[in-house]
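Below is one structure, written out as structure tokens, with a few remarks after it.
Scope of the values below: all heavy atoms of this structure, side chains included, with no hydrogens, waters or symmetry mates.
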Amino acid sequence: MRIRLNGEEYITGDIKSVEDLLKELDIHSAGVAVEVNLKIISKPDYSNFLLNDGDTVEVVSFVGGGCYGRQVYYTGSRV
């Protein structure tokens with residue numbers, strides 16, 4: 001299956017779901033957000049949300065970006 005992953009073409013192995021994709025990429029689901037075709041997928045749905053050929057997938061990880069005063073800023077970064 002061919003998908004567009006974080007803006008680049010990606011040919012997957014034998015995967016069916018978002019959870020399968022994260023496993024293939026060796027990414028733990030706890031620290032990421034996943035969007036498929038502009039729709040954010042909730043973590044409980046990772047295992048049953050099926051990917052299709054041609055889907056556009058964004059996997060974004062969140063990293064603490066430091067502290068200013070009492071506020072903590074977070075920045076997203078692509079995986």
Side-chain angles (χ1 to χ4, degrees):
M1 172 186 340
R2 288 177 187 252
I3 62 173
R4 189 134 190 100
L5 176 62
N6 290 356
E8 297 182 9
E9 184 178 50
Y10 182 79
I11 299 173
T12 67
D14 186 27
I15 66 165
K16 294 184 168 104
S17 67
V18 168
E19 183 177 80
D20 294 339
L21 176 63
L22 294 177
K23 285 180 183 174
E24 181 174 289
L25 297 171
D26 197 25
I27 296 172
H28 192 275
S29 65
V32 297
V34 177
E35 177 187 278
V36 178
N37 299 329
L38 303 177
K39 177 183 176 187
I40 296 175
I41 310 304
S42 64
K43 289 189 189 311
D45 293 334
Y46 284 3
S47 63
N48 58 25
F49 191 95
L50 301 179
L51 295 172
N52 296 299
D53 194 49
D55 280 346
T56 298
V57 180
E58 295 286 331
V59 179
V60 180
S61 65
F62 297 97
V63 178
C67 180
Y68 179 76
R70 297 179 123 195
Q71 296 179 335
V72 177
Y73 295 95
Y74 294 94
T75 58
S77 63
R78 291 182 172 209
V79 174

Transitive ILVMFWY side-chain link L25 to L51, under 4.5 Å: yes

Check R4 against E9 and note the closest heavy-atom contact, atom names and distance. NH1-N, 3.5 Å

Side chain to side chain donor-acceptor pair (under 3.5 Å) with S17: which residues, sequence neighbours excluded? D20

Check I41 against Y46 and note the closest heavy-atom contact, atom names and distance. O-CE1, 3.3 Å

Nearest 0.5 Å, please: how far is OG in S29 from NZ in K23? 9.5 Å

Backbone N or O of I15 within a donor-acceptor pair of the E24 side chain at under 3.5 Å? no

Atom pair OG (S61) and NE2 (H28), whose distance is rounded to the nearest 0.5 Å: 14.0 Å

Any chain of hydrophobic side-chain contacts (each under 4.5 Å) joining V32 to I40? no

Crowding at CG, D53 (>12 non-hydrogen neighbours, <6.0 Å): yes

For the residue pair L21 and Y10, establish whether any side-chain heavy-atom pair is separated by less than 4.5 Å. yes

Inter- and intrachain pairs under side chain to side chain donor-acceptor pair (under 3.5 Å), touching residues 33-43, at least two apart: N37-D55, S42-D45

Heavy atoms of G7 and E58 approach each other most closely as N-OE2, 3.7 Å

Any chance you could measure M1, atom CE, to N52, atom CG, to the nearest 0.5 Å? 6.5 Å

